[in-house]
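Report on the following structure.
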Amino acid sequence: MLRRPKPGDSEADLLRAQEEFLNSGAQSGVHVIRRPDKRRGEENEVHKEPGNKTYQRDVVSIQDQDLSDEMPPLTPAAPKKSRFKAASVHFEDEGPEECLDRHDTHVTSVLSRIIERDLSNVPVSVPAFTTAAFPKVFHRSEIEDGGQGQGLEQRQGSTPLGKRSIFAQKLAAQRARESPHGKPQISCLTPGAQGSNISPVATKVTEQSLPGHEGRTESSRLVSGQGLNQQDSTKEALKIHQENKAWLEGMSQREILEEQKRLLAQLDPCLVEFVRNRKTQDSTAPLNQTLDGHGPSAVDSTVSAVDLRESEPEPLEMEMEHEVESQPPITEKELPVKPQKEWLHMDKLEPEKLEWLRDLPPPRRRDTKRAMQARFDFNGILIPPAEDLPTHLGLHHHGEEPELAGYSLQELFHLSRSQVIQQRSLALTTLAHILTKAHLGDFTSCLTGSIVSSLLDAGLLFLLRFSLDDSVEGVMAAALHTLRALLVSPGDEETLDGTFSWFLGMEAFSLLPAAQEEEEEDDEGLDEVMKLTEKEKEERKTDHDVALEDVIKGLLRMKLLPRLRYILEVVRPSPRVVLDILQVLARIARHSSSSATQVLDCPRLMQTVMSEFLPCSWSLPTPPTPESLYGLPVAMAMKLLRVVATSGRQACARLLHSLGARERLSCLLALQPKDLPLELGEALRISTEALRLWAVAAGYGQACDLYRDLYPLLVKALQCIPRVWAPADPLRPLELQRLLALLTLLTNVTHTAGCHQELQSACHSSQDAECPPPPPVEWSHVTGLQPSILGWMKGCVRLLQDPAQRESALILLPPQLLYLGGFYSQLSSQNSFQPVECLQELEALTAEVLLPLLSNQATHRGIDCLRSFSMLCNPQSCSLHPESVPSLPGWGCSGSRSLAGSSSPLPLLMALCHLLQTVVSIHRGIAHKFSPLLLSEPLLAYLRACCQARPTLSHASTWLLCHEHHFLYQLLKLAYMLVPVDAEVAKHASLFHELSMAMVSWLLPGSEHLVHDLLATMVFNPDFIPEGRTGGPEAAQLSELQLHDGSSPAPLGPLLRDACTQLPSLRGCFLSHLAHLEPLVLRSRNSHLGQTPRVRSRLLPEASGPTLPSDWPFLPLVSLYEWTGGAGDCDVESLPAGSLERVTHCLQWLLVLESWREGTLRAVPPAAKLARLCCLFLCSSDLFLEVPVQRLGWVLLRALTRPAQLGALDLAVPLPGVASFHDLYEALLGQYEAVSFGDPLFGCVLLLPLQRRFSAAMRLAVFGEHVGLLRSLGVTLRQLPVPLEGYTSPPEDSLALLRLYFRALVMGTLRQAWCPVLYVVALAHLNAFIFSQEPSLQEVEAARRSLLWKTYKLKDEVLKTHLLLFKKSQQESELGFEVYDSLPPIRARRLEAMVGVEERSSGEKD
């Protein structure tokens, strides 16, 4: 007898059984019948019975019987079968005749396969006999007046199958008259139902839903039997129908509806629609009879019930339907035009098609809490749902809610694709108005969701791009207006123009969307050579995918720039369209340097802008508002050049030299604005933009030769500045903006001239290969400007006393102060520098300008309100705009209370601190005169608030945060010079140090020089850590006396004292770890110190986060861990030279911060601190055993386990830089087993995550996979840095862990002498579990009984006593716990009961 396979057989056993079966020749119990493959031409093959054909069995054969453990090589999957393969594949054994037959397309090949249809059961109708020779001619009047006998079908002139011709109507009327009952015959079968495989459930439900079928012969609408070969096809169809009906009668209504829903979800929607149409056709006759008065009167309600049962609408839709149905249908009397009988196809009154002719009902608020669809008028104003507007406004249309005025976003999208030009233009213009109001925040409190996000998701970009290709100029103009409303925020542009004259105000971050992590599943497992590059991945993306990630990049990919060039060059649109295009181009250039380069590289785009909108000569336009901007200078075109120039020095050089921007600057600035042949306001605007472009160029050390050519004009402009401003002058803001641009230009030219001497010396020495050439302007060229600007500034200080002139003076003072700060900072490095004269000038400047300005009420008022304007203290003041989308970021910080607003105190205070810091750096003797500024109580309160701040980064905050960082940096540099010389300021040294520590973690990309300077001057400066010299170590030692006894291996006081003496070494250690930032530091220093010829770009890098992470004090330790790769098998001698010293310095600095600057590490969660401290044990096999590391490690562990830190320790939250804390702990367990040698410090770190409130997975890992380390985990209860209650409370509820506890105790793996802490923990949890009285599941109760019985039967009396008599844990006692003298009565009774039950059960088994 053959052996049957069993579940445990291996592959060799199965192959051996197969061989025995084949050799025996036995008959198979299962026959595999292969169905013919129709795609391979096997339709005509006749299947033979198993007895007539011998089937070949499938035999599994493996060539290599020696099976290996390696994975078999991957082979391609089986090829898919193609239905067209038979027509394209030729076989070698196929003859020419067979090939011809297979490809024969002659008509005989078709006729030879005709199968005659079975018509044996089809009745034959004989035509009626007539005496006329020809059929009677039909006339329309006879059909229309057919009388009662024709029925509703004939009077309406249509059937459910569609419109019927006149001839068909006449035939139907004739058949109706010839019918014996006088009613039209209704067929139960329609063409197309044959072969339908619809489920009988849907058929039955549909048929039961209609009354009026009871009197008819029951039959299926779908199964008719037509086409069957049997003579009784009708009976067969009726039999199937009755079986379906009997099956449905046995089901409940709920089961029928569930089955119906399941079928509707599975079937093709087209097939379901066909069946429903079939139902409507079959129900026409009874419905017509009902309407004619021949049928039941309940059909209408029944049909409505059927419709609702077949598709249940949402409650809101049902309510809307109810409101529509509540109105009676329109009657013929209500029609404004009465239909005549002679009108074609007007013989039928169709109410549903004539509803639009009746008057609209008044809008009313529905009784629902659901949100209503937003509707807007043509000006983009939101229309309330209940507002009744007149129809002559054109806001009513034939939409889903015709009674409501206005257009929804969906309807505007639909209207924008209209064939009518005016409708397309109107829809796009309305969308533009909506977007404009959305950016202004008009819909924030009215709408839920974002309008901009909704429009972008709906495909607004593609709609606008298609509309730009429209041949109609009006549609093109409307699309451009909408595109400008989408991309450009007027508030942002106005704010950027207002801050242009601030300190580094021309710099701004790029508007790149935040980088999103892309899945790289396709590249996993591939070699680096085979992986796709970023460029290739970008090219593979579709336009839609690119636009979803970045709107600007998507537009550039859709060839927007060539289209805009075509519109400007060929179409030559109206002034508004030209301005829209220029603003869109400026927004694209702000996106990134690559986008600005694409604007420059677009063929003939910038040439068209330069030649048409920045001509060198033009005539005065006759009307005030010209009809065309072509041939006239446009301020927006000059601003576009300035934005493009901001992207980089190369782009600026191309504008100046290749595109002729230098000639335009000379032409526009050679004359005063009033002398330009332009309207005065426009002349001031374009002159201001020309000065700003020149200032940007001078910020790169370019276009300075223009300074020599236009020097007389610039001096004249300074001399002609009005000393008193007319408050009511409408041009005053424009004139003030022009003066601010002029001062910024002169400041940058002064910085450039100050670099001439240094660059000239560097070029002669040829030491720097990348040294730029010296600029054409020298220091002697700019020295004559300082007296004029100084006198002008003195006048502005005096004007602060005049309320009418105070606003103008406050606007002009910041750039004047910045100019003097730049002048004196460059003066000290010149060969012509005369120290004595300079010190005298600074003393005079202090007495005449700086001290009066510091004591002025305007300055005090600015300091008082500084905290309310601060971005750091008020992060919600610049939160993300509701309409901001990730793919289209913006600044969104306009407003009266914004830090960049017109009333902000920041520009004046920042410029004043910049000048004060420059003056004090030259003349230390007058530093004490500026102490009142730093001692001001409002300023100190502002600094304390900043230390507690937790700034959030976004495109709306980074730009303004950068300016506030500059201001704080100037304050800290001023404090750095005053603390050593002023005792009162030195009292607040700890505050300044804490702020500098916070600043290091806040500073953004582009401020690397500030980070380096703060680390080099303030962070490790002993003057700003006064605790190290005023008894701080001794105080720390006294405060910790109650925490440890004299035997502690790490006293805190000496360690702190040693760390304070090593502060210079600590500074060198951390600066060496930041050496990789040197190129960025140099680039940032060139910008901050005014080294303009070395500046590469005024566009700051992407603000992806701060320059340094918040946990930078752990940097040396983490760097060493990354160098070793976490292997932990290197000894100290194998590590890089100085590794022990660097780790010691890192731990010393952490000790200083944890002791005296705990708030500076507030941003680092305790779990992250613990994870980084674990690197100390994972980076080397014996580094943690070194004496200095041991002493510092104990102190840091005690700091980490303070009550506040321990309570905030959460190991379940995601940690920065750590993929999984559990994986890190697993590595820590393996390292402890390998190299710990029972080190108590390592053991304490290992025990810390085993507390009861943390995940049980780590405890399972210790008692499961790494149970061997329990022998060496000898941390005593006194050495444990946390309370023992954290391990024993609450009781353990994991059965698996409790069993592991018991097994470790019974097997002797866990002993009190080896691992006292976990021994007590295991006793506490097992004792609480076995004596628990709480009701529990049967499985838990069985485990409890089993453990108690096993405990009672233990032979180890000591362990048995500890488990049964355990009372509570006691960390101070010798055992670590207390025991009962005897079991409490309740426990004793439970034990006796348990022992009795177990003994009886054992006796029964025996």
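Positions are given from 1, in the same order as the sequence printed here. Since we're looking at a predicted model, the values are computed, not measured. Computed over heavy atoms, backbone and side chain alike; hydrogens, waters and symmetry mates excluded.
For C1146 against F1070, the heavy-atom pair with the smallest separation is CA-CZ, 4.4 Å. Of all heavy-atom pairs spanning L1135 and C1179, the tightest one is CD2-O, 4.0 Å. For the residue pair L1250 and Y1287, the shortest heavy atom distance occurs at O-CD2, 3.6 Å. When all heavy atoms are compared, the tightest approach of G1105 to L953 is CA-CD1, 3.8 Å. Taking each heavy atom of L1224 and C1174 in turn, the nearest pair found is CD2-CB, 4.4 Å. Shown here for V1152 and A1059, the closest heavy-atom pair between the two residues is CG2-CB, 3.7 Å.
Relative ring orientation between F1184 and F1177 is described as tilted, the plane-to-plane angle lying within the 30° to 60° band. The aromatic rings of F1366 and F1377 lie tilted to each other, with the angle between the two planes from 30° to 60°.
Annotation: R1303, atom CZ; neighbour count of heavy atoms from other residues, nucleotides and ligands within 6.0 Å does not exceed 12. Within a 6.0 Å sphere centred on CD of E1133, heavy atoms belonging to other residues, nucleotides or ligands number more than 12. For NZ of K1368, the number of neighbouring non-hydrogen atoms (other residues, nucleotides, ligands) closer than 6.0 Å is 12 at most. More than 12 heavy-atom neighbours from other residues, nucleotides or ligands sit within 6.0 angstrom of CD on Q1333. Annotation for E1374: atom CD does not count as buried by contact number, only 12 or fewer foreign heavy atoms lying within 6.0 Å.
For the pair L1151 and R1191, the minimum side-chain heavy-atom distance is 4.5 Å or more. Side-chain contact check for M1018 versus H993: every heavy-atom pair is 4.5 Å or farther apart. Side chains of V1019 and W1149 form a contact here, defined as non-hydrogen atoms less than 4.5 Å apart. You'll find the side chain of Y1380 stays beyond 4.5 Å of the side chain of L1364, heavy atoms only. Taking the side chain as every heavy atom from C-beta outward, V1213 and P1165 never approach each other to under 4.5 Å. Residues L1153 and P1113 meet the side-chain proximity criterion, which asks for heavy atoms closer than 4.5 Å. A 4.5 Å side-chain heavy-atom check between L1246 and V1275 finds every atom pair outside the cut-off. Between L1270 and V1262, some side-chain heavy-atom pair lies under the 4.5 Å cut-off.
Side-chain contact check for Q1312 and H1362: no donor-acceptor pair (N or O, by modelled atom type) lies under 3.5 Å. Side chains of H1266 and E1233: a donor-acceptor N/O pair is present below 3.5 angstrom, by distance only. There is no side-chain donor-acceptor pair under 3.5 Å between D1239 and S1236. For the 3.5 Å distance criterion, the side chains of E1027 and S990 qualify, holding a donor opposite an acceptor. Under the 3.5 Å distance criterion, with hydrogens and angles disregarded, no donor-acceptor pair is assigned to the side chains of R1278 and Q1371.
A donor-acceptor pair under 3.5 Å is formed between the side chain of R1259 and the backbone N or O of Q1251. A donor-acceptor contact shorter than 3.5 Å is absent between the side chain of S1110 and the backbone of V1164. Remark: the backbone N or O of E1292 is paired with a side-chain donor or acceptor of H1325 at under 3.5 angstrom. With hydrogens and angles disregarded, no donor-acceptor distance shorter than 3.5 Å links the side chain of R1067 to the backbone of F1020. In this structure a side-chain-to-backbone donor-acceptor pair under 3.5 Å is present from R1390 to I1330. The main-chain N or O of L1115 is found under 3.5 Å from a side-chain atom of S1119 such that the two form a donor-acceptor pair. Within the 3.5 Å criterion, the main-chain N or O of L1347 finds a donor-acceptor partner in the side chain of T1351. A side-chain donor-acceptor contact under 3.5 Å links Y1232 to the backbone of S1272. Without hydrogens or angle criteria, T1061 side chain to D1058 main chain gives a donor-acceptor distance under 3.5 Å. The main-chain N or O of P1384 is never found under 3.5 Å from a side-chain atom of R1387 such that the two would form a donor-acceptor pair.
For the atom pair CG of L1305 and CG of L1310, the computed distance is 5.0 Å after rounding to the nearest 0.5 Å. Taken to the nearest 0.5 Å, the CG atom of L995 stands 11.0 Å off from the CE atom of M997. Taking CG of L1077 as the reference point, atom NE2 of H1012 lies at 9.5 Å (rounded to 0.5 Å). Going from atom OH of Y1121 over to atom CG of L1183 covers 14.0 Å, rounded to the nearest 0.5 Å. Once rounded to the nearest 0.5 Å, the distance linking OG of S1072 with CZ of R1142 reads 6.5 Å. Atom CG of L1185 and atom CG of L1241 lie 9.0 Å apart (nearest 0.5 Å).
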Just do the side chain to side chain contact (heavy atoms under 4.5 Å, CB included) check on F1331 and L1348 with the steps written out, would you?
CA-CA 8 Å; F1331 289 112; L1348 183 56; 4.1 Å; yes

Please step through ring pair (Phe, Tyr, Trp, His ring centres under 6.0 Å) for the pair Y1319 and W1314, ending with a clear verdict.
CA-CA 9 Å; Y1319 182 81; W1314 293 347; over 10 Å; no

Take R944 and L991 through the test side chain to side chain contact (heavy atoms under 4.5 Å, CB included) and record every step on the way to the result.
CA-CA 7 Å; R944 295 188 190 98; L991 174 62; 3.8 Å; yes

For the pair D1381 and K1367, evaluate salt bridge (charged side-chain N to carboxylate O under 4.0 Å, His left out) and give the outcome as yes or no after the intermediate values.
CA-CA 10 Å; D1381 295 334; K1367 182 177 182 181; over 6 Å; no

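The side-chain hydrogen bond (donor to acceptor under 3.5 Å, both in side chains) check on K1350 picks up nothing, with sequence neighbours excluded.
A cation-pi arrangement is present between R1344 and F1329, with the terminal nitrogen or guanidinium carbon under 6.0 Å from the aromatic centre and inside a 45° cone about the axis.
The residues D1210 and R1253 are annotated as not salt-bridged, no charged nitrogen and carboxylate oxygen being separated by less than 4.0 angstrom.
Sorted by first and then second residue, the side-chain hydrogen bond (donor to acceptor under 3.5 Å, both in side chains) pairs with a member in residues 1169-1186 read D1111-R1172, E1154-K1169, S1180-D1182; sequence neighbours excluded.
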